[in-house]
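One structure is given below, encoded as structure tokens.
Read the numbers this way: they start at 1 and go in the same order the structure lists the ligands and their atoms.
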Amino acid sequence: MFKKVLIANRGEIALRIIRACRELGLQSVAVFSTADRDSLHVKFADQSVCIGPQQSSLSYLSPKALIAAAEIMGAEAVHPGYGFLAENADFAQICLDHELTWIGPSPEAIQALGNKSEAKRLMNEAGCPGIPGSDGPVADLDEGRKIAEQIGYPVMIKAVAGGGGKGMRLVQKPDNFESGFEMARAEAESSFNNGDLYIEKAIVNPRHVEIQLLGDGKGGCIHLGERDCSMQRRHQKLIEESPSPVVDAELRKRMCETAVHAASELKYASAGTMEFLLDAEGSFYFMEMNTRIQVEHPISEEVSGVDLVKEQIRVALGKPLISQSRVKLSGHAIECRINAEDPARGFAPSPGTVTVWNVPGGPGIRVDTHVYQGYKIPPFYDSMIAKLIAFGRDRNEAMQRMKRALSEFVVEGVKTTIPFHLEMLNTPEFIAGNIHTKWVEQYMEKQSEKAAAV
Ligand code: MV4
């Protein structure tokens, strides 16, 4: 059906997709901005084409530039990776209108699931429990206040067009509702051009557990188990692991069956992730569905033996989905996101030339990266420079391998989050698997209080 794939992305995920194409015998076309001329994805691809200047809005975010590149190079399919235009329903539709196969879910699914309160309603109808709250967006401040009284404080005010924590406010008591509502509305207006808000009961110190799904677009759907992404800071994930240290076989079965059932009902196509909040009592609630391949997909690949990016492409080619009974989850995988940032300066970006780059290896270690010695990290894009993935027979072995690999990893020329990861992996709380989504922020506050006291 298609033989040449345009990769509408950069960095490590562009390399990851090129590798999948090569294994499937497909030609790859890389696109790059002028800031990315010397990037590895340009060298790895069969062909490459410059699509514009350093600004993302004029290159990686430009449908015109991307479609022109696809037409000139004779690409017949587009893989969007993550970020940039991956969850832009209009771009998916534009690709289809130009007779390019979109390696992802339908524009209709991207659109419906991108509206967070619409997604919640759809999932509820498909039997997926959501967090108690308003039935869709609220009309105004007064209606919001009434609903907050009904469900009881604390409440969470969320933007319909939101995601990733933007336009979201936690309100502890009725006195603070008005200011929280106005702030959420202003942020939603400026970030999404859509000020619609909905209200939910606030779950206190939840864990973030997500289910990896693969659908065939005809009602067939399988899962690759869960990922625990509770180690975050300001909605940026730092460490992910699979399986979750707090999910037992019975809970896993319920979460995975719920997610597969809902995605099948939607006739979902391609890779997708259903995000859940897990509370201290072990109740889980649907939060949102991501309609893309995610950064942390390799840990699911490691515990399942399934190549998720290849499966995305196979499904887009119309090939049948692998069957659930052939997916055997075993072992434990952990991923640390290595960023060119300075943890001592509030994780400020640290772009520049990488003068020394010694990558770890050995048993159970995988490094997904686009960086090489001498590479100049441009300041215009995401600061992630590598994903370090450790696999072991059990959690302890994966942890020991991760610590060993972090200590082998040598990067000079830029500051990185490697020392921070080592510190995290040595905390009693992470070792015990006893953390939640606010834990890193609370830990760092305590550390700076300690530093101020001496
Ligand atoms: C919540 C919540 C507590 N209660 N909703 C954060 C991003 C967006 N996807 C939804 N988020 C949350 N929604 C209710 N009703 C707590 C969060 C939340 C969070 C969720 C997942 C991972 C990290 C988080 C950090 C802070 C807040």
Can you sort out which atoms of ligand 1 are near [X], meaning under 4.0 Å from one of its heavy atoms?
{"X": "Ala202", "value": "4 (N), 15 (N)"}
{"X": "His208", "value": "21 (C), 22 (C)"}
{"X": "Ile131", "value": "5 (N), 14 (C), 15 (N)"}
{"X": "Glu200", "value": "5 (N), 14 (C), 15 (N)"}

Could you check whether atom [atom1] of [X] has more than 12 heavy atoms from other residues, nucleotides or ligands sitting under 6.0 Å from it?
{"X": "Lys267", "atom1": "NZ", "value": "no"}
{"X": "Asp135", "atom1": "CG", "value": "no"}
{"X": "Met183", "atom1": "CE", "value": "no"}
{"X": "Glu265", "atom1": "CD", "value": "yes"}

Is the contact between [X] and ligand 1 made by the side chain, the backbone, both, or neither, using heavy atoms and a 4.0 Å cut-off?
{"X": "Leu277", "value": "side chain"}
{"X": "Lys201", "value": "backbone"}
{"X": "Ile203", "value": "both"}

- Message: Counting only heavy atoms, tell me which of Lys116, Gln232, Glu288 gets closest to atom 23 (C) of ligand 1.
- Response: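 Heavy atom nearest to atom 23 (C) of ligand 1 belongs to Gln232.
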Would you say the side-chain atoms of [X] and [Y] include a donor-acceptor pair closer than 3.5 Å?
{"X": "Tyr443", "Y": "Glu423", "answer": "yes"}
{"X": "Thr291", "Y": "Glu87", "answer": "yes"}
{"X": "Gln294", "Y": "Glu210", "answer": "yes"}

What is the closest protein heavy atom to [atom], and at what distance does it sit?
{"atom": "atom 25 (C) of ligand 1", "value": "His235 CE1, 3.5 Å"}
{"atom": "atom 7 (C) of ligand 1", "value": "Gly165 N, 3.4 Å"}
{"atom": "atom 10 (C) of ligand 1", "value": "Met287 SD, 3.3 Å"}
{"atom": "atom 11 (N) of ligand 1", "value": "Met168 SD, 3.5 Å"}
{"atom": "atom 16 (C) of ligand 1", "value": "Met156 CE, 3.6 Å"}
{"atom": "atom 13 (N) of ligand 1", "value": "Lys158 NZ, 3.1 Å"}

- So, the side chain of Gln232 versus the backbone of Cys229: is there a donor-acceptor pair under 3.5 Å, distance only?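 Yes; judged by distance alone, with no hydrogens or angles, the pair exists.
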- Less than 4.0 Å between a side-chain N and a carboxylate O, is that true for Glu397 and Arg401? yes
- Query: Taking both backbone and side-chain atoms of Thr437, is any N or O found less than 3.5 Å from an N or O belonging to ligand 1?
  - Reply: no
- Query: Can Arg252 be said to sit on top of Phe276's aromatic six-ring, NZ or CZ under 6.0 Å from centre and within 45° of the ring axis?
  - Reply: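 The answer is no, since Arg252 fails at least one limit relative to Phe276.
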